[in-house]
Amino acid sequence: MTAATDSSVRVRLAPSPTGTLHIGTARTAVFNWLFARRHGGRFLLRIEDTDKERSNPEYTANILEGLQWLGLLWDEDPVIQSERIEFHRAAIAQLLASGHAYRCYASEAELTAMREAQAAAKQAPRYDNRHRNLSPEQQQAFIAEGREAVVRFKIDDHATISWHDLVRGEMRWSGGDLGGDMVIARRAPADQIGDPLYNLVVVVDDAAMAISHVIRGEDHIANTAKQLLLYEALGLKQPVFAHTPLILNQEGKKLSKRDGVTSVSDFRNLGYRPEALANYMTLLGWSPPEGMGERFSLEQAAAVFDFDRVNRAGARFDWDKLNWLNGQVLHGLDAESLRDQLAPLWAERGWGTTPGNPSADPLWQRELAALLGPSLTLLADGVDQAQPFFETPELTEAAQAQLAVEGARPALAALTAALEMALSGAPAGSSGLTTDQAQQLLAEACTTAGIKKGVIMKSLRAALLGSLQGPDLMTTWLLLHQLGDDLPRLKRAI
Ligand code: GLU
């Protein structure tokens, strides 16, 4: 299926740099990116940094880095919201001039008293529009008192706001449920316009960026109702809206900071691959078409993505599925790429870093990566499982018990002797031991010691890895042999 190219499709991610890139924001980015790619449109970024106290350039860097890491590249230079404040003020001035907005001089104390009275009367808190129709004389009196003012946008209690949401279908809100006339500029001296606020600036910026579709979390639905009124009052073209389901934790509650791992950098530090995380986030709320399976790239998803397959219900976070996907991605890497991923983590432990030592040889490391690859879920597993190859392991209790089995030590002794014999006959400088030779040595040792092959295999594993679990035994042995570590470990076991 190929989608018609519609270059008028322009979507955006509008993160506030008040924290690191949250998984919810990243999932919103995924849906925006997929929709843009599906329609040959553009995926844009706007950094909503107008909250000066809470915004931090370090968070902006973290957000951009996280998106890049996930492969969610944006198509134009990011728009920095704080640089556009004059446009926001101009829109507020326009609304004041057209009578859609007015100055409200109510003090904090008066507003608090109003809300307390509402609470006492068991009413929902709302602004009672008390300064909507002040006479010029009343206004002058407030100004003469030295009062400052916020700017409020009029919301008609009887208005019905409706739109067709790409995820949720027909949506309808009553103006009476929006909390009264809305503040669009913070308190400032009455001849000025204070700092513009979220709903106003989003509308002004989305219109300026010619955003065609606003795709964001369903926690913004009430904002959408307010924003649609602002579009109308400002005479701006309204975009199409799509509100995506929230991400829920295991208990079915909205995923929050309290759930621990929630930022993209956390997942990255835990060893998740960007392809796996992006794949997983796509599945958080979107069902791929029949036959597609659950493992796919962003490009593959983009070829078929649409909002008909986005669910309305919240999406529960499923660690098992994420782990499974990460394993799939790791298993799909060739040995060379896997080595490239693992080597720096090994080096952090000081493993494979001594020049001239065979464990520093990229070819040896590649074989080790190939050996461990199939059992990895996280990259970090490739560190844990590599440890006995770089450091002589202690023997676990199970390994000690195995070596105490009757015939085990004599069999290992026979194997050691046969190995030493074979080595003394090998050409100088050759460290090669082939699988065939190794198999043959094992068979000889079995015969000599008169024990079953199973016993010697288990005992060999115990001797080499210090435990009864681990990857393919023959390859393990050959790799340790190349380091010259097999004989010492065998001797220790005997
Ligand atoms: N800065 C807002 C947020 O991070 C943007 C919401 C929107 O997409 O309009 O929630």
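For the single chain, residues carry numbers from 1 onward in sequence order. Counting convention: from 1, in listed order, for ligands and their atoms alike.
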Legend entry - Evaluation steps, side chain to side chain contact (heavy atoms under 4.5 Å, CB included), between Asn326 and Leu378: CA-CA 7 Å; Asn326 204 64; Leu378 295 177; 3.7 Å; yes
Inset, instruction - Output all residues satisfying ring-ring contact (aromatic ring centres under 6.0 Å, His included) with Trp74, sequence neighbours left out; order by chain, then residue number. - result: none
Legend entry - Closest approach of any protein heavy atom to atom 10 (O) of ligand 1, naming residue and atom: His220 NE2, 3.0 Å
Legend entry - Atoms of ligand 1, numbered as shown, that sit under 4.0 Å from any heavy atom of Arg216: 7 (C), 8 (O), 9 (O)
Legend entry - Nearest heavy atoms of Phe153 and His100, plus distance in Å: CD1-O, 3.4 Å
Inset, instruction - Please indicate whether Arg186 has more than 12 foreign heavy atoms, meaning atoms of other residues, nucleotides or ligands, lying under 6.0 Å from its CZ. - result: no
Inset, instruction - Identify, for atom 5 (C) of ligand 1, the protein heavy atom at the shortest distance, and state residue, atom and that distance. - result: Ala14 O, 3.2 Å
Legend entry - Which of the ligand 1 atoms, numbered from 1, are nearer than 4.0 Å to a heavy atom of Glu48: 1 (N), 2 (C), 5 (C)
Legend entry - Shortest protein contact, atom 8 (O) of ligand 1 (heavy atom only): Arg12 NH1, 2.6 Å
Inset, instruction - Determine whether more than 12 heavy atoms belonging to other residues, nucleotides or ligands lie under 6.0 Å from atom NE2 of His158. - result: no
